[in-house]
Amino acid sequence: MTPPSTSATLAADVVRWQRAQGRHGLPWQGTRNPYRVWLSEIMLQQTQVSTVLDYYPRFLARFPDVQSLAAASQDEVLGLWAGLGYYSRARHLHRCAQAVVADHGGVFPATAAQLQTLPGIGRSTAAAIAAFCHGERAAILDGNVKRVLGRALAFGEDLAVPRHERALWSLAQDLLPPAEDMPAYTQGLMDLGATVCVRRSPRCGLCPLAARCVALAQGQPEAYPVIQRKLRRGQRQNTLLWISQGERVWVVPRADTGIWAGLWSWPEYEDEAQARQDCAGWPGQWTALPAFTHVLTHLDWTLTPLHLALPPGAEAAAWPADRWPQGRWLAPAQWADWGLPAPLRRLLGLA
DNA sequence: GATCCGTGGGA
DNA sequence: TTCCCAAGGAT
């Protein structure tokens, strides 16, 4: 458990490299504010830095601290998250903020073990927050670290097997530097994985670990890490009923589980016939729009928008209001701030 | 342990 | 085009 004190360890190489060559200007760096670090870690889960750069400042401007976030409505949180994907992150983020306020006096707990008990914070995220904010010697194991350490150690076991992933996690824990170096080390592993030790064509000539990298010595850095994913993407088709009246669009809340849980969308049907049948007798102009495929991690989802333009007037507007009491009309000025999934934002011309 | 959960980008 | 994956976690 005692960290090595020499200056010739793998961790020391990473720390030196990070201070000289790593990334230092990202919006969530240069702070030990747990709220800001936590927010960035959640947004960055399975999401590239370039994407988060668009969302992080806006979210922080609206919710500058954990109290303001805890006091917000879930709809407003999801409105700021819309387009980022993996919306359970936003729902857990909101619940986590409320738990921090209600159970911890508005102060994030300081240890990784305590952080990991909060909604949406798993082992790696908890370690990152504790390392960045408090120098705790806790190991992260994200995609970057799997690649950097997987190659440096030539770890050949299949990381899709939880037992093997735990083994690499244990090795990662053994490699940690002294506490004062933990922020730079944790950031350095991420920076290395993102800019040097990349998935294909790694830039080993620039890597501070090249001299000790076993995979490079074997002449096959790209052979690691081994992750045998057996996910087969399924297929699904639906018709989305796009109802408009003038400039307004009718939206309904989605279920609190499944795809786009907690967001708003258009009424969803098995096919066009069922949509038309459900709205038999309604006034207005029907238009069938071209289908498109929305690709999710585990699903190719073919969506066919079916447009119904209702005539003006309160009488026509009452049809959807009567059919979906939980729904509501959205004016164009509201679209950008509403919790609408990416394909709908695109169809509405917000992309 | 296996599955579910978004979106955009790179090769 | 197709595949992979990007600061994973919950169920």
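Please read all numbers here as calculations on a predicted model, not as lab measurements. Note: hydrogens, waters and symmetry copies are ignored here, and every other heavy atom, side chains too, is used. The sequence lines fix the lettering, A, B, ..., with proteins before strands; numbering per chain opens at 1.
Side-chain N/O atoms of A:Tyr87 include one lying less than 4.0 angstrom from OP1 or OP2 on B:dT7. Between A:Trp301 and the phosphate of B:dC5, there is no side-chain N or O to OP1/OP2 separation shorter than 4.0 Å. Contact between the side-chain N/O atoms of A:Arg89 and the OP1/OP2 oxygens of C:dA10 is not found at any separation under 4.0 Å. At least one side-chain nitrogen or oxygen of A:Arg346 sits closer than 4.0 Å to the OP1 or OP2 atom of B:dG8. Within the 4.0 Å cut-off from OP1 or OP2 of C:dA6, at least one side-chain nitrogen or oxygen of A:Arg147 is found. Using a 4.0 Å cut-off, no side-chain N or O of A:His294 falls inside it from OP1 or OP2 of B:dG6.
Counting heavy atoms from C-beta outward, A:Cys279 and A:Leu241 have side chains that approach closer than 4.5 Å. Looking at heavy atoms from C-beta onward, A:Pro341 lies in side-chain contact with A:Leu344 at the 4.5 angstrom threshold. Between A:Leu26 and A:Val52 the shortest side-chain heavy-atom distance does not fall below 4.5 Å. Residues A:Phe108 and A:Tyr35 meet the side-chain proximity criterion, which asks for heavy atoms closer than 4.5 Å.
Rounded to a whole angstrom, the distance from the C1' atom of C:dA7 to that of B:dA11 is 22 Å. Between C:dG9 and B:dG8, the distance separating the two P atoms is 22 Å to the nearest Å.
Of the options A:Asp278, A:Asn238, A:Thr239, a side-chain hydrogen bond (donor to acceptor under 3.5 Å, both in side chains) to A:Tyr269 is made by A:Asp278 and by none of the others.
Nucleic acid contact class of A:Ser124 (heavy atoms, under 4.0 Å, all strands): sugar-phosphate only. Contact annotation for A:Val295: base contact, defined as any heavy-atom pair under 4.0 Å involving a base atom. Using a 4.0 Å heavy-atom criterion, one finds that A:Glu165 contacts no nucleic acid atom at all. Residue contacts shown for A:Leu296 include a base, since a base heavy atom lies under 4.0 Å away. A:Gly193 comes within 4.0 angstrom of nothing in the nucleic acid, heavy atoms only. Within the nucleic acid shown, A:Arg23 comes within 4.0 Å of at least one base atom, counting heavy atoms only. Using a 4.0 Å heavy-atom criterion, one finds that A:Thr125 contacts the sugar-phosphate atoms exclusively. Residue A:Leu84 is classed as a base contact, given a heavy-atom separation below 4.0 Å to a base. If you check every strand for non-hydrogen atoms under 4.0 Å, A:Pro225 touches nothing. Residue contacts for A:Gln45: at a heavy-atom cut-off of 4.0 Å it reaches the sugar-phosphate backbone alone, with no base atom in range. A:Val49 comes within 4.0 angstrom of a base, heavy atoms only. Nucleic acid contact class of A:Ala342 (heavy atoms, under 4.0 Å, all strands): sugar-phosphate only. Looking at heavy-atom distances under 4.0 Å, A:Trp28 makes contact with a base.
Following rounding to the nearest Å, A:Gln46 (CD) and B:dT3 (C1') show an atom-to-atom distance of 14 Å. Between the CG atom of A:Leu189 and the C1' atom of C:dA7 there is a distance of 11 Å, given to the nearest Å. Distance A:Arg199 CZ to C:dA6 P: 6 Å, rounded to the nearest Å. In this structure, CZ of A:Arg233 is placed 12 Å from C1' of B:dG6, rounded to the nearest angstrom. Atom CH2 in A:Trp81 sits roughly 12 Å away from atom C1' in B:dG6 (whole-Å rounding). Taking atom CG of A:Leu159 as the reference point, atom C1' of B:dG1 lies 16 Å away to the nearest angstrom. Across the protein-nucleic acid pair, A:Gln228 atom CD and C:dC4 atom C1' stand 13 Å apart, rounded to whole Å. Rounded to an integer number of Å, the gap from A:His298 NE2 to C:dA10 P is 18 Å.
No N or O donor and acceptor, one from the side chain of A:Ser50 and one from the base of B:dG8, sit under 3.5 Å apart. A donor and an acceptor atom sit less than 3.5 Å apart, one in the side chain of A:Thr297 and one in the base of B:dG6.
In this structure, A:Arg248 forms a cation-pi arrangement with A:Trp329, its terminal cationic atom sitting closer than 6.0 Å to the ring centre and no more than 45° off the ring axis. At least one cation-pi condition fails for A:Arg62 and A:Phe59: the charged atom is not both under 6.0 angstrom from the six-membered ring centre and inside a 45 degree cone around its axis.
Minimum atom distance to the side chain of A:Asn144 is reached by C:dA7, of the listed C:dT11, C:dA7, B:dG9. Residue A:His92 has its side chain nearest to C:dA10 when only B:dG6, C:dA10, B:dG1 are considered.
Mapping A:Ala160 and A:Ala82 onto DNA chain B by nearest heavy atom places A:Ala160 closer to the 5' end of the strand. The 5' end of DNA chain B is approached more closely, in terms of each residue's nearest nucleotide, by A:Arg163 than by the other of A:Leu299 and A:Arg163.
For A:Trp242 and A:His307, the distance between ring centers is under 6.0 angstrom.
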